[in-house]
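These values consider heavy atoms only, across backbone and side chains, with no hydrogens, waters or symmetry-generated copies.
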Amino acid sequence: WSRRRQDNYWVLMHSTAPASDPARVSHDPRNPILLPSEEEGFDDFTIEYPFPFHNPADGRLYCYYLGRRRRIPKQTGLLVSDGDFGQWTRVCRTPVIAADTEHEKQGSSHPSVAIDGDTIHILYTGEAKEGHTLCHATAPTADPSVVTKDTANPVFRGTGQTWDSHGVREAEILKGPQYYHIFYGGTDGEVWRIGHVRTRDFRSFEPNPHNPILSPSPDRDAWDCDGILTPQVFSIGDTFYMVYAGMRGREWQTGLATAR
């Protein structure tokens with residue numbers, strides 16, 4: 001996860017929780033575990049939004065993450081670890097998903113991963129002045145730094161409903177037995193809420209009829225009353241959990257939800 005410091009300067013953090021009680025979080029005493037690059041580069045001002053994953057090809061941990069200089073664009077980099085979530089090394093000094101297309105003028109950011117065989121599927125946010133969209137890319141498990149963008153990008157612009165008609169962003173993938181389940185933030189131009197679609201091919205997306213599946217708290221004193229994003233879904237036993245970011249004013253914090 002990431003923590004914001006003064007001047008919108010973000011660093012990477014690491015925490016753990018027991019599977020028996022995901023809400024009981026303990027923080028790594030080594031935090032922050034990674035700082036912006038000391039060398040001039042795409043991530044020399046801020047780093048955030050890490051997505052760590054185990055690579056079955058070599059047994060190592062990899063992590064796509066968002067990096068930025070003091071000015072946009074945001075771009076995606078890659079880290080590697082030999083098993084310690086508190087120690088990471090940059091694979092390369094350049095972005096592996098560069099902001100180099102019209103729909104990514106302001107960013108190719110917020111990566112999420114699902115592995116199918118020897119292919120890494122990556123969803124990321126394309127950021128442009130015109131709005132946010134979801135993009136797809138792939139990389140071989142043999143070399144996660146070799147990323148190929150989908151020629152159909154952006155692959156998802158929203159469901160066509162009002163609640164996500166003004167932008168979609170920060171998607172997370174949950175691979176099921178038949179579908180890839182995509183959880184994402186959508187906005188009507190005022191408030192960010194969380195939605196769910198599923199896909200087999202990253203071309204056609206079937207929306208959940210209950211969208212948006214999670215909305216900000218109606219309690220104006222609640223910590224997540226002004227918007228919610230970053231829905232990371234995982235299962236433990238028969239329960240699905242969602243870790244998400246909630247906002248009140250300009251302050252973001254992390255919450256936990258469960259499926260009914």
Side-chain angles (χ1 to χ4, degrees), residues 1-2 13-28 49-57 59-64 81 83-86 110-123 134 136 141 156 159 161 163-164 168-186 192-202 204-219 222-225 227-247 252-260:
W1 61 284
S2 305
M13 312 285 280
H14 172 234
S15 301
T16 58
S20 59
D21 185 3
R24 185 157 54 91
V25 177
S26 298
H27 302 303
D28 193 322
Y49 210 88
F51 194 98
F53 62 96
H54 175 262
N55 187 351
R60 305 179 82 187
L61 296 175
Y62 288 84
C63 179
Y64 292 108
S81 169
D84 184 349
F85 280 91
H110 301 91
S112 176
V113 164
I115 296 176
D116 186 7
D118 59 2
T119 299
I120 303 170
H121 289 279
I122 308 165
L123 273 185
L134 298 185
H136 174 239
T141 55
F156 185 69
T159 61
Q161 299 176 320
W163 76 272
D164 65 352
V168 292
R169 63 183 294 184
E170 298 182 26
E172 303 284 350
I173 312 175
L174 178 67
K175 186 176 181 294
Q178 298 182 26
Y179 294 91
Y180 295 98
H181 294 270
I182 314 300
F183 301 88
Y184 67 98
W192 288 95
R193 300 174 175 88
I194 290 173
H196 167 228
V197 295
R198 65 182 188 179
T199 182
R200 297 180 189 269
D201 55 8
F202 297 96
S204 60
F205 297 84
E206 180 184 351
N208 189 318
H210 301 291
N211 276 336
I213 59 171
L214 189 64
S215 296
S217 173
D219 180 356
W223 66 275
D224 58 351
C225 64
I228 53 176
L229 281 170
T230 321
Q232 177 65 60
V233 175
F234 59 96
S235 63
I236 300 176
D238 296 329
T239 302
F240 284 92
Y241 295 88
M242 177 191 291
V243 176
Y244 69 97
M247 180 178 67
W252 288 97
Q253 298 184 80
T254 300
L256 183 68
T258 57
R260 294 192 181 99

After noting the C-alpha distance and the side-chain angles of Glu170 and Thr230, does the key distance pass the side-chain contact (heavy atoms from CB on, under 4.5 Å) rule?
-> CA-CA 5 Å; Glu170 298 182 26; Thr230 321; 2.6 Å; yes
Identify the two heavy atoms, one from [X] and one from [Y], that lie closest to each other, and give their separation to 0.1 Å.
X      : Y      : value
Ile228 : Pro216 : CD1-N, 3.9 Å
Lys175 : Ala114 : CB-CB, 4.3 Å
Ala19  : Pro22  : O-CD, 3.8 Å
Val233 : Met242 : CG2-CE, 3.9 Å
Ala257 : Leu214 : CB-CD2, 4.4 Å
Pro207 : Thr159 : CB-CG2, 3.8 Å

Quick one: does any side-chain atom of [X] pair with a main-chain N or O of [Y] as donor and acceptor, under 3.5 Å?
X      : Y      : result
Asn55  : Thr141 : yes
Asn211 : Gly195 : no
Ser26  : Thr16  : no

Supply the atom-to-atom distance [X] [atom1] to [Y] [atom2], rounded to the nearest 0.5 angstrom.
X      : Y      : atom1 : atom2 : value
Ile120 : Phe53  : CD1   : CZ    : 4.0 Å
Gln232 : Thr254 : CD    : OG1   : 11.5 Å
Ile182 : Arg198 : CD1   : CZ    : 12.0 Å
Thr199 : Tyr179 : OG1   : OH    : 9.0 Å
His110 : Phe51  : NE2   : CZ    : 13.5 Å
Ser112 : Leu123 : OG    : CG    : 6.5 Å

Would you check if [X] and [Y] make a side-chain contact, meaning some heavy-atom pair closer than 4.5 Å?
X      : Y      : value
Leu61  : Pro52  : no
Trp1   : His27  : yes
Arg169 : Leu229 : yes
Ile194 : Pro212 : no

Could you check whether the rings of Phe202 and His121 sit parallel, tilted or perpendicular, using 30° and 60° as the cut-offs?
-> parallel
Applying ring-ring contact (aromatic ring centres under 6.0 Å, His included), run through Tyr244 and Trp223 and close with a yes or a no.
-> CA-CA 12 Å; Tyr244 69 97; Trp223 66 275; 5.6 Å; yes
Between Phe156 and Tyr184, is a ring-ring contact (aromatic ring centres under 6.0 Å, His included) present by the stated rule, with each step listed?
-> CA-CA 11 Å; Phe156 185 69; Tyr184 67 98; 5.2 Å; yes
Does a sphere of radius 6.0 Å around CZ in Phe240 hold more than 12 heavy atoms from other residues, nucleotides or ligands, not counting ones at 6.0 Å or beyond?
-> no
